[in-house]
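Notes for the one structure printed next.
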Amino acid sequence: MSDTLEHQGPAHTRFDADGPRRAGPAIGYLLIGGLVALLVIASYRTGQLGRLGWIAVTIIAVLAGSAALFIGGNKLVAQATVSWGRFRGLTGVVIGAAAGGVLRGNQSVRAILAQEQDFLVRETGTTPIDDTGLIELLTDFADPELLTVGTGLLGHAEWPIVGGVVVGVAAWASGALTSRLARCSVGVVFGLGAALLIADRLQFRNRPDVSLNTILIAAIVGAAAGGLVGIATRRHHLERALLGAAVGATAGAWLTPEMLGTGSARAAQFAIAIPMLLLALRVAWPHARSASQLANFTRRASAVVFLAPALGFLAVNLIIPAIRTLYTSLLDRESEQFVGLDNFRELWNDPASIDASEWTNMFGSQLFWIGLVLVGAGFLVGVSVRWIRDRQVGFERTSGSIGSLFLGAFIFLFAVFTSIRGTFINNLWWVVTVVTASTVLGLTIAVLAERAGRLESTAKAFIFMPMAISMVGASIIWRFQYQARNVTKNQTGVLNALWIELGELSQSGTARVVVLLVLSLLLAGSLLTIARRARSRTSFAGFTAVSIALLWLIVELYQRSLGGFTTGPNGEIIAETVLFREHAPFNNVFLMVILIWIQTGFAMVIFSAAIKAVPGELLEAALIDGADTNQQFFQVVLPQIMPTVGVVVTTLIVTVTKVFDIVKVSTGGNFDTNVLANDFFTESFSFLNRGVGSAIAVLILLTVAPVMIFNVWQMQRGDSS
Amino acid sequence: MTARVPRRSASVIDKLYRSLTNVPLWALWVFVVIWTLPTLSLLVNSFRSRDNQRNSGFWRVFGDENPEGFSVFDNYEVVLSTESTNGMLQSLISSLAIAVPSTIIPIAIASFAAYAFAWIDFKGRKPLFIATVALMSIPMQVALIPLLRTYLGGAHLTLPFSNRTLSLVPDLDLAGSTWAVVLSHTGFALPFAIFLLHNYISQLPGELMESARVDGADHFHTYMKLVLPLSVPALASFAIFQFLWTWNDYLIAATMLSGGDPDVIPTTMRIVNLAGDFGRTEHLLTAGAFAQAFVPLVVFFSLQRYFVRGLLAGSVKG
């Protein structure tokens with residue numbers, strides 16, 4: 001990611017240079033205006049103007065509320081430098097009100113003044129109950145979920161109000177009074193008062209059965225721990241000890257008893273009052289801050305205000321749910337029993353995940369041998385080019401050697417992935433194919449587009465366009481390309497139409513001969529070019545590839561074996577379509593094509609910017625040194641854009657690992673095309689197996705974890721350098 | 001005579017050779033055609049009648065014989081009509097109701113955080129920033145189900161080492177509502193948004209911040225008066241990115257909204273439903289898919305520059 005940061009340079013200067021001022025806003029406003037008009041007309045036609053208005057109002061309300069919170073937070077922090085007492089008081093009001101709300105919201109305490117009306121919650125709804133004996137019984141012993149209390153507005157507001165006032169005044173005193181004795185006295189009085197009020201109104205079922213000794217011992221242990229932290233950090237020994245004591249006392253009072261609801265009123269008073277007193281002392285003890293401490297504090301406080309919304313959202317929406325998923329992956333399907341790694345074991349042992357039983361098919365596969373031959377050829381080319389050029393033993397990187405090594409390895413992997421099957425393998429296959437193909441195609445198109453002159457941006461826009469289309473939309477688009485209709489009818493999918501057309505061609509008379517002649521002529525031209533290039537010692541790898549392809553076409557056509565047809569029982573020729581989406585295992589590749597179609601534009605844009613950033617002097621210097629196009633690319637351009645290749649590849653890996661929409665819409669995971677993300681969806685929503693669903697999600701996380709770690713490592717390295 | 005023939009044949013070979021060495025440039029246009037053809041075929045077919053779509057490929061569009069009273073917009077009429085059970089129009093509104101707040105809310109929240117990471121000096125800033133950005137590649141699947149359950153029944157904290165539960169967020173009954181989708185999008189978008197905006201905001205000139213501080217402006221005022229107006233281009237880049245992302249999303253919508261009120265489902269879900277309805281309405285799929293893609297394509301083609309910049313500035317989005 002630090003590499004992206006490095007690439008920011010040119011992008012950012014352009015940000016500044018022609019910013020949004022040129023024509024940007026006009027189009028933008030026009031666009032937004034048009035969309036709004038469209039929206040209003042559409043909702044009018046569907047009779048949903050009301051809904052639209054309601055949506056707009058909620059959006060504005062939410063935004064205004066959030067803005068008010070943010071501005072309020074900032075104003076609060078600004079108060080710290082003006083008046084420490086007022087800052088503390090206001091903060092206290094907020095904290096006290098929130099604490100009161102949580103207490104009441106959890107039905108931990110009864111109302112103070114309001115008349116309570118009790119409701120019995122049943123599955124169908126709530127029923128008011130008047131029988132006081134029954135209420136007592138339910139309040140004291142029954143599951144709290146069964147009984148809710150309705151008290152009207154006052155009943156909901158009184159605890160937050162009382163909490164806000166009490167904590168606010170105490171906190172104000174702790175900031176405004178200069179005498180430590182006065183501060184502590186106010187703290188003790190208000191702390192005790194609040195504690196007694198809470199203890200008095202505490203529901204019986206919440207009374208802890210705990211002795212004073214237990215609380216005190218826990219408080220002492222906590223104080224010792226806090227004090228040790230204070231000694232270790234060499235600051236605020238007493239404050240840390242007090243805070244530790246408060247935490248210890250709370251834990252001792254509320255976590256040690258086996259169950260709540262059996263304690264005495266006295267026990268409840270101790271359990272609330274002791275932690276409260278310790279906390280009040282902790283807040284009241286320190287003297288007002290010095291100017292430099294205050295500046296430090298304001299800075300940290302504004303960091304909190306600026307970061308809290310984002311970090312809060314991340315915690316609630318991402319981190320905590322992710323931890324819960326890690327946890328539920330160890331539980332059974334209803335998340336009730338702990339089953340250890342059983343879910344993972346089940347996935348691993350399922351032949352649908354990995355099925356290697358037919359791995360020997362690999363050796364019967366043409367791809368296997370083609371791949372091996374290409375790898376060998378690439379190696380030979382690399383070694384012999386180095387030998388011819390420099391009379392040295394070594395490996396020369398040329399488009400021929402690198403190209404065929406790469407292609408060979410790629411084809412070889414296809415042989416592996418078509419013989420060993422399963423969801424895991426499909427995922428791996430997706431990653432290998434889509435990442436490689438999108439990167440190579442993106443780089444190729446970016447290099448080609450460099451020479452297109454005026455039309456460069458037009459060409460790139462068309463390649464890039466699929467990025468704007470949803471994966472769902474893309475799958476629909478390609479469904480029509482892949483469509484196979486009954487052979488007695490016209491083919492409507494362009495691919496099958498071409499394929500059947502080819503089949504007819506290879507069965508025809510004169511047309512076949514003409515095409516054969518043209519192909520032979522092309523082959524001759526290509527071979528001649530190779531000869532010329534070999535003489536002038538420029539690269540002929542591309543033409544070798546073209547020649548091999550032409551030769552293959554010619555042989556196939558000559559043998560009348562090209563295209564979609566089959567021979568019937570009586571020797572008659574019947575057209576035959578390709579079932580692109582149904583025919584395993586290569587249907588996987590046709591689904592991958594959809595993602596390649598989308599992601600090539602992404603790779604192209606990034607590479608295009610990187611290539612433009614390669615300094616021209618480097619290329620010129622290489623040219624003067626007598627470098628040919630190959631050497632220029634492999635020894636000058638490629639090393640320069642290598643960090644970008646890293647960025648593109650890691651980004652693509654993360655995208656491909658999560659691929660879901662395409663598989664879901666195209667095949668639904670049938671016909672041997674299942675991938676992890678689709679499996680996750682099926683397990684979670686169709687089979688309602690939370691355990692295995694979570695385990696699959698964890699597996700997806702584990703697959704991208706190396707990329708994550710790599711990125712973090714890169715960023716840290718970028719920071720230190 | 002004999003001398004002329006080889007010369008002529010040499011020039012033919014010369015021409016062949018030259019056209020072959022020109023391969024790259026026309027290869028580019030071959031790529032362009034291959035990349036455009038699928039979308040184009042969808043567009044062409046969306047204007048053809050059911051019979052024509054079923055009887056011949058899109059390339060035969062000029063040989064079409066249309067039934068009496070057929071107009072090229074008929075498919076769109078059906079897909080976008082109010083009576084239509086396919087309800088594409090409702091979905092377009094729902095998609096906007098999801099995409100607009102899911103774009104605005106993260107922008108605001110992320111720009112606060114990006115400013116704090118760039119210009120407020122506090123302890124542990126760098127590790128915290130790296131940790132935040134590392135969340136970018138976390139797959140959504142890991143968080144989706146617990147998130148759905150939070151929306152279903154509120155958030156409750158089970159205290160460690162005891163079986164006591166404390167409710168932190170009451171059940172707001174968000175499941176199946178647009179807000180569940182919006183909140184999820186906001187959470188998932190934040191790491192990328194913070195990364196992208198931080199890249200930009202951290203490169204604003206430091207002297208500017210310094211002089212503001214000398215003038216007595218606190219962080220709030222520096223942010224509101226200085227940073228926010230200056231970072232509009234970066235905000236625009238992210239806005240386009242996020243709008244396309246949320247408009248095109250299927251996974252989150254399908255998780256949060258399936259089985260709920262069919263009126264609130266976005267276009268992507270509607271199309272998947274339409275696609276599941278084989279045969280009978282397949283000819284409407286073309287128009288439906290294009291109606292869905294129309295909004296992002298317009299946004300993309302008119303604001304492409306910002307989109308590309310956003311991509312370049314933060315090409316690590318998962």
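Lettering of chains follows the sequences in order, A, B, ..., and the numbering in each one begins at 1.
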Side chain, backbone, both or neither: which part of [X] has a heavy atom under 4.5 Å from chain A?
X: B:F290; value: neither
X: B:I109; value: both
X: B:S94; value: both
X: B:T39; value: both
X: B:T255; value: both
X: B:A97; value: both
X: B:R125; value: neither
X: B:L128; value: side chain
X: B:L96; value: side chain
X: B:V295; value: side chain
X: B:F220; value: both
X: B:W119; value: neither
X: B:L43; value: neither

Next item on the list: Would you please indicate yes or no on a ring centroid separation below 6.0 angstrom for A:F480 and B:F58?
Entry: no
Check: Taking the six-membered ring for Trp, are B:F129 and B:F195 ring centroids under 6.0 Å apart?
Finding: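 No, the ring of B:F129 stays outside the 6.0 Å limit from the ring of B:F195, centre to centre.
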Check: For B:F301, does the CZ atom have more than 12 heavy-atom neighbours from other residues, nucleotides or ligands under 6.0 Å away?
Finding: yes
Next item on the list: Determine whether more than 12 heavy atoms belonging to other residues, nucleotides or ligands lie under 6.0 Å from atom CZ of A:F685.
Entry: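 Yes, because the 6.0 Å sphere around CZ of A:F685 holds more than 12 heavy atoms from other groups.
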Quick check on [X] against chain B: is it the side chain, the backbone, both or neither that has a heavy atom closer than 4.5 Å?
X: A:V665; answer: side chain
X: A:W478; answer: side chain
X: A:S66; answer: neither
X: A:P309; answer: both
X: A:I709; answer: neither
X: A:L63; answer: side chain
X: A:V316; answer: backbone
X: A:L441; answer: side chain
X: A:I696; answer: neither
X: A:V494; answer: both
X: A:Q491; answer: backbone

Does [X] reach the main-chain N or O of [Y] with its side chain, forming a donor-acceptor pair under 3.5 Å?
X: A:T650; Y: A:V707; value: no
X: B:W35; Y: A:F464; value: no
X: B:Q53; Y: B:N45; value: yes
X: A:Q483; Y: A:R479; value: no
X: B:N248; Y: A:A468; value: yes
X: A:N496; Y: A:T492; value: no

Minimum heavy-atom distance between [X] and [Y], given as atom pair plus value:
X: B:T268; Y: B:W247; answer: CG2-O, 4.0 Å
X: B:P146; Y: A:P321; answer: CG-O, 3.3 Å
X: A:F680; Y: A:G693; answer: CD1-O, 3.3 Å
X: A:I469; Y: A:A474; answer: CG2-N, 3.7 Å
X: B:G288; Y: B:I271; answer: O-CD1, 3.6 Å

Of the listed residues ([options]), which shares the most heavy-atom pairs with chain B below a 4.5 Å separation?
options: A:M465, A:K460, A:R300; value: A:M465
options: A:T703, A:V77, A:I319, A:T600; value: A:T600
options: A:F313, A:F681, A:W597; value: A:W597
options: A:G312, A:A56, A:A303; value: A:A303
options: A:A449, A:A497, A:G473; value: A:A449
options: A:D661, A:V305, A:V704, A:T328; value: A:D661

Checklist line | pair B:Q90-B:R270: side-chain heavy atoms closer than 4.5 Å | finding: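 SC-SC contact between B:Q90 and B:R270 confirmed.
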Item checked: Pairwise side-chain contact, A:I700 with B:V142, heavy-atom cut-off 4.5 Å (strictly under) -> no
